[in-house]
Protein chains: 2
Amino acid sequence: MVTIGEAARRSGVGIELIRYYERTGVVTGPERSQAGRRQYCAAEVHVLRFIRRCRDLGFSLAEAKSLLGIASSEQLACGDAQSVGQRHLESIRQKITDLQQMEAALVQLMLPCKAGQQDCSMLDTLLEGPESDWPPQDRCLNI
Amino acid sequence: MVTIGEAARRSGVGIELIRYYERTGVVTGPERSQAGRRQYCAAEVHVLRFIRRCRDLGFSLAEAKSLLGIASSEQLACGDAQSVGQRHLESIRQKITDLQQMEAALVQLMLPCKAGQQDCSMLDTLLEGPESDWPPQDRCLNI
DNA sequence: TCTTGCTCCTGTAGCGCCTACAGCTTGCAA
DNA sequence: TTGCAAGCTGTAGGCGCTACAGGAGCAAGA
């Protein structure tokens with residue numbers, strides 16, 4: 001049984017963030033000491049580390065919670081975990097593609113300025129330029 | 001002079017978003033009709049489109065506002081715009097690199113499951129696996 | 001003229017994922 | 001005993017939207 005500070009150190013999840021996860025139901029609250037302090041057992045520290053690893057891999061908290069549920073269910077449902085992972089992998093690849101297109105568009109936009117022209121074609125294009133084909137109008141681009 | 005609905009249509013920025021931009025000082029509010037309705041001139045619609053293009057390219061609202069300031073200043077400071085753009089380009093490239101490493105780590109994590117083993121090594125690794133070298137501990141990974 | 005239906009208005013609250021602070025109590029060592 | 005670190009709760013802020021409630025204005029048709 002360790003304190004929240006020690007749990008934070010061992011899991012790599014900050015103290016405030018641990019309390020936030022508890023408050024929002026991502027993890028269940030641990031036992032409390034008589035004085036009301038949180039006391040974490042090894043398994044609970046494992047869970048925190050699990051969440052952190054999921055977050056490091058870009059999973060949302062909802063996905064992390066879902067994977068945690070799969071991982072701690074009686075019958076180990078590998079297929080379920082695989083499909084969560086696969087969906088996530090596709091979303092990562094989509095983001096990479098979007099960012100690469102963004103990068104290309106930005107490079108294109110900034111290129112003419114390097115020629116040392118008088119006007120800044122970058123700002124001109126942003127202000128009045130033609131409609132580019134980027135971004136496609138029908139896709140969400142909150143990256 | 002057009003209504004907010006028409007300005008939204010012409011600029012590609014939603015009505016609620018236009019009001020949000022005005023409320024948060026990204027753009028200045030337009031004239032009002034006697035009944036208190038917003039009335040946009042062509043230049044104001046241009047500004048909205050400028051903001052949208054910046055956002056499409058991944059600039060933050062603060063950066064967009066800054067670029068707008070540069071674009072509408074008397075002496076056209078192309079160098080300033082270039083440096084904002086260059087910094088942004090580097091951050092896009094950093095994000096791409098991070099995502100690619102994330103992708104590789106995820107593929108690595110999910111690979112062994114495909115072999116049809118009894119245990120799900122993906123979940124096992126997330127739960128108890130060794131510390132991977134990804135992510136590096138000293139970098140922000142909120143992507 | 002009246003009604004219908006669209007557009008517009010303000011204000012507020014919610015999302016996801018934290019981060020930070022105020023103001024308090026507890027625990028431990030010197 | 002004193003002093004400080006570490007814990008506690010509750011609340012607010014940041015980013016960039018999005019969505020609603022509850023009202024007012026406006027143009028076109030019956």
Side-chain angles (χ1 to χ4, degrees), chain A residues 1-27 29-40 44 48 51-66 68 88 91 95 98 102 135 139-143, chain B residues 1-27 29-40 44 48 50-68 88 91 95 98 102 135 139-143:
Chain A
M1 289 295 190
V2 297
T3 63
I4 194 172
E6 187 57 29
R9 222 164 297 121
R10 293 189 190 178
S11 65
V13 181
I15 293 177
E16 303 269 21
L17 197 44
I18 292 177
R19 290 199 276 245
Y20 168 76
Y21 286 166
E22 183 182 326
R23 203 162 58 241
T24 54
V26 177
V27 301
E31 280 182 38
R32 299 289 185 120
S33 72
Q34 285 197 325
R37 301 199 164 192
R38 292 171 179 83
Q39 291 185 304
Y40 294 85
E44 287 163 332
L48 289 171
I51 301 287
R52 183 179 64 76
R53 282 176 176 152
C54 290
R55 296 291 298 131
D56 287 344
L57 288 165
F59 287 102
S60 69
L61 283 178
E63 285 167 330
K65 201 180 165 184
S66 161
L68 191 58
H88 181 54
S91 92
K95 277 182 189 161
D98 287 352
M102 213 183 253
R139 201 143 44 69
C140 170
L141 286 163
N142 298 331
I143 297 178
Chain B
M1 288 295 192
V2 297
T3 65
I4 193 171
E6 187 57 30
R9 224 164 297 122
R10 293 191 191 179
S11 65
V13 181
I15 292 177
E16 303 269 21
L17 197 43
I18 292 176
R19 289 199 276 247
Y20 168 76
Y21 286 166
E22 183 183 325
R23 203 162 59 241
T24 54
V26 177
V27 300
E31 278 181 39
R32 299 289 185 119
S33 73
Q34 285 199 325
R37 303 202 162 188
R38 292 171 179 82
Q39 290 185 303
Y40 294 84
E44 286 162 333
L48 289 171
F50 180 98
I51 301 287
R52 181 178 67 75
R53 283 176 177 154
C54 289
R55 298 289 301 132
D56 287 344
L57 288 165
F59 287 101
S60 69
L61 283 179
E63 286 167 330
K65 201 182 164 183
S66 160
L67 285 173
L68 191 58
H88 180 55
S91 93
K95 275 183 191 160
D98 288 352
M102 212 183 253
R139 203 142 44 69
C140 171
L141 287 163
N142 300 331
I143 295 180

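In what follows, every chain begins at residue 1, and chains take the letters A, B, ... in the order their sequences are listed.
Minimum atom distance to the side chain of B/R55 is reached by D/dC17, of the listed C/dC8, C/dC17, D/dC17. Distance from the side chain of A/I15 is smallest for D/dG7 among the nucleotides D/dG16, D/dC17, D/dG7. Each of D/dC20, D/dC8, D/dG16 was ranked by its minimum atom distance to the side chain of A/I4; first place goes to D/dC8.
Closest-nucleotide positions on DNA chain D for B/A35 and B/A62 were compared, and the one nearer the 5' end corresponds to B/A62. Mapping A/Q34 and A/R23 onto DNA chain C by nearest heavy atom places A/R23 at the nucleotide closer to the 5' end.
OP1 and OP2 of D/dG25 both lie 4.0 Å or more from every side-chain N or O belonging to B/R38. Dashed line: the shortest gap from a side-chain N or O of A/R32 to OP1 or OP2 of D/dT9 is under 4.0 Å. In this model, the phosphate group of D/dC8 is approached by a side-chain N or O of A/R19 to a distance below 4.0 Å at OP1 or OP2. Taking side-chain N and O atoms only, A/T3 has a distance below 4.0 Å to OP1 or OP2 of D/dG7. Of the side-chain N and O atoms in B/Y21, one or more sit less than 4.0 angstrom from OP1 or OP2 of D/dC17. Considering only side-chain N and O atoms, B/R37 lies nowhere under 4.0 angstrom from the phosphate OP1 or OP2 of C/dT7.
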Where do B/E6 and B/R37 land on the salt bridge (charged side-chain N to carboxylate O under 4.0 Å, His left out) test, with the steps shown first?
-> CA-CA 13 Å; B/E6 187 57 30; B/R37 303 202 162 188; over 6 Å; no
Given the rule in the salt bridge (charged side-chain N to carboxylate O under 4.0 Å, His left out) test, do B/E22 and B/R38 qualify, once you have shown the distances and angles that lead to the verdict?
-> CA-CA 11 Å; B/E22 183 183 325; B/R38 292 171 179 82; 2.7 Å; yes
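Distance CD (B/E22) to C1' (D/dG16): 17 Å, rounded to an integer number of Å. Remark: P of C/dT19 and CD1 of A/I18 are 12 Å apart, rounded to the nearest angstrom. Taking atom CG of A/L17 as the reference point, atom P of C/dG16 lies 15 Å away to the nearest angstrom. As a whole-Å value, the separation of B/Q39 CD from D/dG25 C1' is 13 Å. Atom CZ in B/R9 sits about 12 Å away from atom C1' in C/dC6, given to the nearest Å. Rounded to a whole Å, the OH atom of A/Y20 is 8 Å from the P atom of C/dG16. Residue B/I51 contributes atom CD1, which lies 15 Å from atom C1' of D/dC17 at whole-angstrom precision.
With hydrogens and angles left out, the side chain of A/E16 and the base of C/dC17 share no donor-acceptor pair within 3.5 Å.
As judged by a 4.0 angstrom heavy-atom cut-off over every strand, A/T24 is placed among residues making no nucleic acid contact. Among the atoms of the strands shown, none is found under 4.0 Å from any heavy atom of A/S33.
Proximity of A/E44 to A/V27: side-chain heavy atoms (C-beta onward) are nowhere separated by under 4.5 Å.
Each of A/L48, A/L61, A/L17 was checked for a side chain to side chain contact (heavy atoms under 4.5 Å, CB included) with A/V26, and the lone residue meeting it is A/L61.
Side-chain atoms of B/S66 never come within 3.5 Å of backbone atoms of B/A62 as a donor-acceptor pair (strictly under, hydrogens ignored). Without hydrogens or angle criteria, A/R52 side chain to A/D56 main chain gives no donor-acceptor distance under 3.5 Å.
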